[in-house]
> 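Here it is: the structure, laid out below.
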Amino acid sequence: MGPYQTPGGTRSPALPETSCGYLLQELQMIWDEVGEDRFEREKVLLDLEQECIEVYRRKVDSANISRTRLHQQLAEAEAEFTHLLLSLGERSLPGRPEKMSGTLKEQLDSITPALREMQLRKEERVKQFRAVQGQIQKISAEIAGQSVYDESPSSIIVNENDLSLKKLEEYQNELQKLHNEKNDRLQQVEKYTDRIHSLCTTLGMDSSTIITKVHPTLNELCGISKNISDVILAKLDSTVVSLEEERLKRLEKLKYLGKALTNLWNLMDTPYKDRRTFSHVTGLLSVSPMDVLEPGSLTLNIIQQAEAEVKRLDQLKASKMKELFVKKQNELEEICHRSHMEIPSRPEMDNILNLINSARAREEASSRNAIMEKVEKWVLARDEERWLEEYNRDENRYSVSRGAYRNLKRAERARVTVNKIPALVDLLIAKTKSWEEERKKVFLYDEVPLLAMLEEYNVLRQEREEEKQKQRVRTSSRRLSNRSLNGVFGNASPLNGRIPSGIPQLESNSINLGAQTTSFRKEGRKKKAQKMLSRPGFMTNGKDETASVVSTCSGPLSP
């Protein structure tokens, strides 16, 4: 029997002589020795051939699977590499060939190092993104005033599809803006807290307590980051404004007390050594609200001490005035005895004494100053209004005569002044109402309610305007009746005469002139007021309407 042959009659190159051929020869020798027939021999050889084919097929299938796996690995590596290039924003990787060549294993071995490098780059870039986005979240939370926020890495979501340097630069720019905003807010907080410290030092208040009330994190001893939210900045601003207002209020209060002390000292010739105790108070008289004040210069204790001193000096002044009054009273009684004159009654003397004791009268006189200034302007404007009415009734006002040009110029100025009267009267009414509501009493002007005078003036002015409108449509040449307003006070206005100075003047004059002068002055004021109110053009119904105006006013009367 010859060597093993394939079905096609050719020797298989995969069966070396040292293995399969040798075994086949040994098998033939055994068959010859045994005497195996040809049919059995052919059957065994056919089975051997079939088994060999199955072994080869399994090897081919396994090789084909390995090849497919290599193709898939290479495709996945290429896809991942391309995705990493796109996500990192890079076009290519230096050192990697543009075109792949060689066997599959060679191609896979060539792309694996480049892919690993790209993966390392991605990991590093993700760390950079996570760090920047973490800082952005942290600073944003601080600006928003969030005291608690999640700092764990899992709370930071990084978009791994866009890890380009351009996107990273955008995040870095956003982070830089937030850093700048945070620094600006910290500077504002520092500025506010410094101002609060300064104001509290001046006012003698505990700045630490005030700042802690705004927010505990603003305290330097807190040990945690400061709250720099919009709400806190607004609270700090309102706190500073409140302290500034308190500072101005106390400064004005001490200026008022300092002026009162100076007046009392000068009035009583207080020696310099007694004034030195409150020199820090009088020194504030020349200080402007914007000046920086010494620490502790506006404390409540200083204000209370100054108020107590003013009160003490007021009492001392009243005591000395009583002594002076008693002395003058004795002198007056002595003069009356020697001259056989009637001595003023005791009630009149007591009234003068009560005025001396009344600090409220001095305060009320001071509160009337603002209104009295406006009354003087109103009276002056009424004089101009009365003159202008007389000028307009003069048929020869445009004639060429001596002084006509001056009168024309005065009429122009008078019209400007008269046009301001309604606003001036409205302002006077508002101020008078406010004064009366605050003191729960009627504002009297020469013992006549000022508010009634102003309202009556408005009514009469309105009636006059209506009359002028009717007169314009009339065709007759009849002159207007002599019903126009002649001025609230006429020629005897407080500017032409003297506006009664009220209680303070009464107080000083009564000491020097005695009780008789007081009663004469009061009686004269009543007659003067009645005379003014009964003049034509001011009250339409004469004395009867004057009485009704006075009777309609309720509340206590001012002295």
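Note that this is a predicted model, so its numbers are computed, not measured. Throughout, residue positions are numbered sequentially from 1 according to the sequence presented.
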> If we ignore hydrogens and angles and just use 3.5 Å, is the side chain of Thr193 paired with the main-chain N or O of Val189 as donor and acceptor?
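Yes: the side chain of Thr193 pairs with the backbone of Val189.
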
> Donor-acceptor check, side chain of Thr217 to backbone of Asn227, threshold 3.5 angstrom: yes or no?
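It does hold such a pair.
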
> For a 4.5 angstrom cut-off between non-hydrogen side-chain atoms, does Glu456 reach Leu460?
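Yes; the side chains approach each other to less than 4.5 Å.
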
> Give me the atom names and distance for the closest heavy-atom approach of Leu285 to Lys259.
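Looking at all heavy atoms of both residues, the closest pair is CD2-N, 3.7 Å.
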
> Mind running side chain to side chain contact (heavy atoms under 4.5 Å, CB included) on Arg413 and Arg410 for me, showing each step along the way?
CA-CA 5 Å; Arg413 293 192 300 268; Arg410 181 180 175 183; 3.8 Å; yes

> Show the nearest heavy-atom pair for residues Ala306 and Leu257, with the distance to one decimal.
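Scanning both residues, the minimum pair turns out to be CB-CD1, 3.6 Å.
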
> Would you compute the distance between atom NZ of Lys177 and atom CG of Asp184 and round it to the nearest 0.5 angstrom?
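The NZ atom of Lys177 sits 13.5 Å away from the CG atom of Asp184.
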
> Report the distance from atom CG of Asp314 to atom CG of Leu264, rounding to the nearest 0.5 Å.
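CG of Leu264 is found 5.0 Å from CG of Asp314.
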
> Between Leu218 and Leu236, is there a side-chain heavy-atom distance shorter than 4.5 Å?
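With C-beta onward as the side chain, the pair touches.
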
> Verify the neighbour count for atom NZ of Lys255: are there more than 12 heavy atoms of other residues, nucleotides or ligands below 6.0 Å?
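Yes, the 6.0 Å shell around NZ holds more than 12 heavy atoms from other groups.
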
> For Ile136, does its backbone N or O pair with a side-chain atom of Ser140 as donor and acceptor, under 3.5 Å?
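Yes: the side chain of Ser140 pairs with the backbone of Ile136.
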
> Quick check: do Ile429 and Asn458 have side-chain heavy atoms less than 4.5 Å from each other?
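Answer yes - side chains close enough.
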
> Between the side chains of Ser208 and Asp206, does any donor sit under 3.5 Å from an acceptor?
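On atom types as modelled, these side chains do not qualify, holding no pair under 3.5 Å.
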
> Please verify the inter-ring angle class for Trp378 with Tyr457; under 30° counts as parallel, over 60° as perpendicular, anything in between as tilted.
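If you compare the ring of Trp378 with that of Tyr457, the planes turn out perpendicular.
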
> Which pairs with one or both residues in residues 285-312 pass salt bridge (charged side-chain N to carboxylate O under 4.0 Å, His left out), sequence neighbours excluded?
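Sorted pair list: Lys253-Glu307, Glu309-Arg312.
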
> Ignoring hydrogens, what is the shortest heavy-atom contact between Leu388 and Arg415? Give both atom names and the distance.
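The answer is CD2-CG, 3.7 Å.
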
> Less than 4.5 Å apart, any side-chain heavy atom of Trp435 and any of Arg368?
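SC-SC contact between Trp435 and Arg368 confirmed.
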
> Using a strict cut-off of less than 4.0 Å between a Lys/Arg side-chain nitrogen and an Asp/Glu carboxylate oxygen, indicate whether Arg461 and Glu385 qualify as a salt bridge.
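Looking at Arg461 and Glu385, the cut-off is met.
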
> Taking all non-hydrogen atoms of both residues into account, name the closest pair between Lys377 and Leu424 and its distance.
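It is C-CD2, 3.8 Å.
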
> Show your reasoning for whether side chain to side chain contact (heavy atoms under 4.5 Å, CB included) applies to Thr432 and Ile371.
CA-CA 7 Å; Thr432 305; Ile371 297 178; 4.1 Å; yes

> Starting at NZ of Lys235, measure out to NE2 of His215 and round the result to the nearest 0.5 Å.
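So the gap between those two atoms works out to 7.5 Å.
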
> Measuring only between side-chain heavy atoms, which start at C-beta, is Ile302 closer than 4.5 Å to Phe278?
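No, too far: nothing below the 4.5 Å cut-off.
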
> Any heavy-atom pair between the side chains of Arg275 and Thr282 that's under 4.5 Å?
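Side chain of Thr282 against side chain of Arg275, heavy atoms only: no contact under 4.5 Å found.
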
> Using salt bridge (charged side-chain N to carboxylate O under 4.0 Å, His left out) as the criterion, list what pairs up with Glu174, not counting sequence neighbours.
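In terms of salt bridge (charged side-chain N to carboxylate O under 4.0 Å, His left out), with neighbours along the sequence ignored, Glu174 is linked to no residue.
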
> Taking 4.0 angstrom as the limit, do Lys441 and Glu436 come out as a salt bridge?
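Result for this pair is no, no salt bridge flagged.
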
> Would a 4.5 Å heavy-atom cut-off, applied to side chains only, mark Val287 and Leu284 as touching?
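Yes, side chains in contact.
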
> Using a 3.5 Å distance criterion without hydrogens, assess whether the side chain of Asn266 forms a donor-acceptor pair with backbone atoms of Thr262.
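Checking the backbone N and O of Thr262 against the side chain of Asn266, a donor-acceptor pair under 3.5 Å is found.
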
> Just by modelled atom types, is the Leu203 backbone N or O under 3.5 Å from a matching donor or acceptor in the Arg250 side chain?
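It does hold such a pair.
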
> Verify side-chain hydrogen bond (donor to acceptor under 3.5 Å, both in side chains) between Asn180 and Gln176, making sure each step is shown before the conclusion.
CA-CA 6 Å; Asn180 294 337; Gln176 185 61 44; 3.2 Å; yes

> Counting N and O atoms only, with roles assigned by atom type, does the side chain of Ser198 sit under 3.5 Å from a partner on the main chain of Asp194, one being a donor and the other an acceptor?
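It does not hold such a pair.
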
> Hey, could you give me the CD1/SG distance between Ile196 and Cys200, rounded to the nearest 0.5 Å?
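Separation between the atoms: 6.5 Å.
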
> Apply side chain to side chain contact (heavy atoms under 4.5 Å, CB included) to residues Ile228 and Leu233 and explain how you reach the verdict.
CA-CA 7 Å; Ile228 54 176; Leu233 291 177; 5.6 Å; no

> Compare every heavy atom of Leu444 with every heavy atom of Pro449, then report the nearest pair and how far apart it is.
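Distance-wise, the nearest heavy atoms are N-CD2, 3.6 Å.
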
> Among residues at least two apart in sequence or on other chains, which ones pass side chain to side chain donor-acceptor pair (under 3.5 Å) with Glu181?
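Scan of Glu181 (side chain to side chain donor-acceptor pair (under 3.5 Å), adjacent residues dropped) gives Arg185.
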
> Kindly compute the distance separating CD1 (Ile421) from CG (Asp426), expressed to the nearest 0.5 Å.
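Atom-to-atom, Ile421:CD1 and Asp426:CG are 12.0 Å apart.
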
> Please evaluate residues Ile232 and Lys226 with respect to the criterion side chain to side chain contact (heavy atoms under 4.5 Å, CB included), reporting the C-alpha separation (whole Å), side-chain torsions for both, the decisive distance (0.1 Å), and the verdict.
CA-CA 10 Å; Ile232 297 303; Lys226 298 179 179 179; over 6 Å; no

> Set out, in order, the CA-CA distance, both residues' side-chain angles and the distance that settles salt bridge (charged side-chain N to carboxylate O under 4.0 Å, His left out) for Glu463 and Lys468, then state yes or no.
CA-CA 9 Å; Glu463 291 177 356; Lys468 286 182 178 180; over 6 Å; no

> Is there a donor-acceptor contact under 3.5 Å from the side chain of Arg247 to the main chain of Leu199?
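Such a contact is absent between Arg247 side chain and Leu199 backbone.
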
> Salt bridge check: are Arg195 and Glu244 linked by an N-O gap of less than 4.0 Å?
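Salt bridge flag = yes for Glu244 with Arg195.
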
> So, does Ser242 use its side chain to make a donor-acceptor pair with the main chain of Ser238 at under 3.5 Å?
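Between the backbone of Ser238 and the side chain of Ser242 there is no qualifying donor-acceptor contact (under 3.5 Å).
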
> Judged by atom type as modelled, is there a donor-acceptor pair below 3.5 Å linking the side chain of Asn183 to the main-chain atoms of His179?
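Yes: the side chain of Asn183 pairs with the backbone of His179.
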
> Classify the side-chain pair Asn407/Tyr391 by whether it contains a donor and acceptor separated by less than 3.5 Å.
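Tyr391 and Asn407 do not have a side-chain donor-acceptor pair below 3.5 Å.
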
> Distance from His197 atom NE2 to Leu243 atom CG, nearest 0.5 Å?
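His197 atom NE2 to Leu243 atom CG measures 11.5 Å (nearest 0.5 Å).
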
